[in-house]
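Below is one structure, written out as structure tokens; the observations come after it.
Reckoned from all heavy atoms, side chains included, excluding hydrogens, waters and symmetry mates. When a ligand or atom number is given, it counts from 1 through the structure's own listing order.
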Amino acid sequence: MSLKSVLKTFDIMAECRKYNLGFWQCPNSLFLVMGAIIIVAMITTYFIGIRFLEPEIIIIIVSAVTIVLLIIGHSLVGSFARVAEANRMKSEFVGIVSHQLRTPLSSLKWSLDLLRTKRLGELSDKQIEYLDVIKDSNDRMIKLVNDLLSVNRIDQQRLEMRPKDFDINELIEKEIKELMPIANARNVVLKYQRPQSLSLIYADQDKIQMVVQNLIDNAIKYSRKDGGLIQVDVNKDKKNNKMIKIVVKDDGIGIPEIYKSQVFGKFFRGDNLIKQRVEGTGLGLFIAKGIVNLSGGEIDFESKESHGSIFWFTLPVANNK
Ligand code: ADP
């Protein structure tokens, strides 16, 4: 049995195949080879050491092994450099394509809005119906392109934050008003008890709006088929009084145990939603985590499949509060 077939049995090469790297370029296999050489070298040196007891021979062996390890180490560093370079080029490519797509999509949106106002002439009901379908697809494309740009900026640690003091209650109320028609269409009740006092936080308002929108939108999208109840709450964080905690609780389809560790990953979509036929890209929570962390907060969730989920995040209280 060759070393390659042993590796295949344990599927250690899976990562290498995924990244299209050969055996001698792949960090996983090189790491293994390095480990094997170190063990063999230690055992050989021991036996030679107790037989010959001549330090010169031991020094020669140790030096030879060190040279082999240095060569493998060099190859490992080269592989990492190639992977990093490929990653950089991918990010650059996604950035350029997204930027190029944004301009025509925005002008399409502008033209559709103008047509829809009927300032350029009357439209039949059928024409309006088709225009709405085009506008809907265009809006989804714009959202995808914007999400890709945000992901790219988070990956490259270039997401620009413009923090200021603002009342998170007002933002949530506005967001709930906007999402209410979608909730009603899915028979979902959206509840939010706005606190009496202001909840002033210090963060980038537009970016936090994206987070709130994503969490409530997910709670609606992943509700049960026969509707459900979503509860949004804002409180002081019990563990840290310098933070405000925003909680979005739903009684929807929940997240299976096996997927819990992947929820905040890029492009993750649970397969328990196949039956739900809901649109999504799997980027929303990755972006939400990036934004919350850059704002100095934390984001997490608890969930039970078929029972519901509780997503929460924290944000720093405004400085003078
Ligand atoms: P998207 O909603 O576009 O798929 P997200 O990043 O917002 O992407 O969410 C990633 C995945 O996490 C979803 O596809 C879904 O499997 C799961 N998920 C997120 N929020 C909920 C929720 N409230 N209830 C059940 N599953 C959820």
### Task
State the CD1-CG distance between Ile299 and Asn214, to the nearest 0.5 angstrom.
8.0 Å
### Residues in ring pair (Phe, Tyr, Trp, His ring centres under 6.0 Å) contact with Phe268, at least two apart in sequence or another chain
Tyr259
### Summary
Judged by heavy atoms only, the candidate from Phe286, Phe268, Phe301 nearest atom 11 (C) of ligand 1 is Phe268
### Message
If I take atom CG from residue Asp113 and atom CG from residue Asn138, how far apart are they, to the nearest 0.5 angstrom?
### Response
9.0 Å
### Message
Could you check whether Asp155 and Ser91, counting side-chain N and O atoms only, form a donor-acceptor pair closer than 3.5 Å?
### Response
no
### Per-residue contact class, Asp217 against ligand 1 - non-hydrogen pairs under 4.0 Å
neither
### Query
Is it the side chain (CB and beyond), the backbone, both or neither of Leu215 that lies under 4.0 Å from ligand 1, heavy atoms counted?
neither
### Message
If I apply the N/O under 3.5 Å rule, does Gly282 come out as touching ligand 1?
### Response
yes
#### Entry: Backbone or side-chain N or O of Ile255 under 3.5 Å from ligand 1 N or O
no
### Summary
So the atoms of ligand 1 within less than 4.0 Å of a heavy atom of Lys221 turn out to be 1 (P), 2 (O), 3 (O)
### Message
Can you see whether Asn152 engages Arg158 through a side-chain donor-acceptor pair at a distance of less than 3.5 angstrom?
### Response
no
### Query
Partners of Glu85 by side chain to side chain contact (heavy atoms under 4.5 Å, CB included), sequence neighbours excluded?
Arg88, Met89
### Summary
ligand 1 to Gly280, heavy atom cutoff 4.0 Å, flagged ligand atoms 3 (O)
### Task
Check each atom of ligand 1 against the heavy atoms of Ser309 and keep those under 4.0 Å away; list them by number with element.
22 (C), 24 (N), 25 (C)
### Rounded distance (nearest 0.5 Å) linking atom CD1 of Ile216 with atom CD1 of Ile220
7.0 Å
#### Entry: ligand 1 atoms in contact with Leu283 (distance to a heavy atom under 4.0 Å)
6 (O), 8 (O)
### Message
Could you tell me if Asn169 and Tyr192 have a donor-acceptor pair between their side chains, going purely by distance under 3.5 Å?
### Response
yes
### Message
With respect to Gly270, determine whether any N or O atom, backbone or side chain, lies less than 3.5 Å from an N or O atom of ligand 1.
### Response
yes
### Message
I'd like to know if Phe311 contacts ligand 1, where contact means a heavy-atom distance under 4.0 Å to any ligand atom.
### Response
yes
### Query
Is any N or O atom of Glu279, backbone or side chain, closer than 3.5 Å to an N or O atom of ligand 1?
no
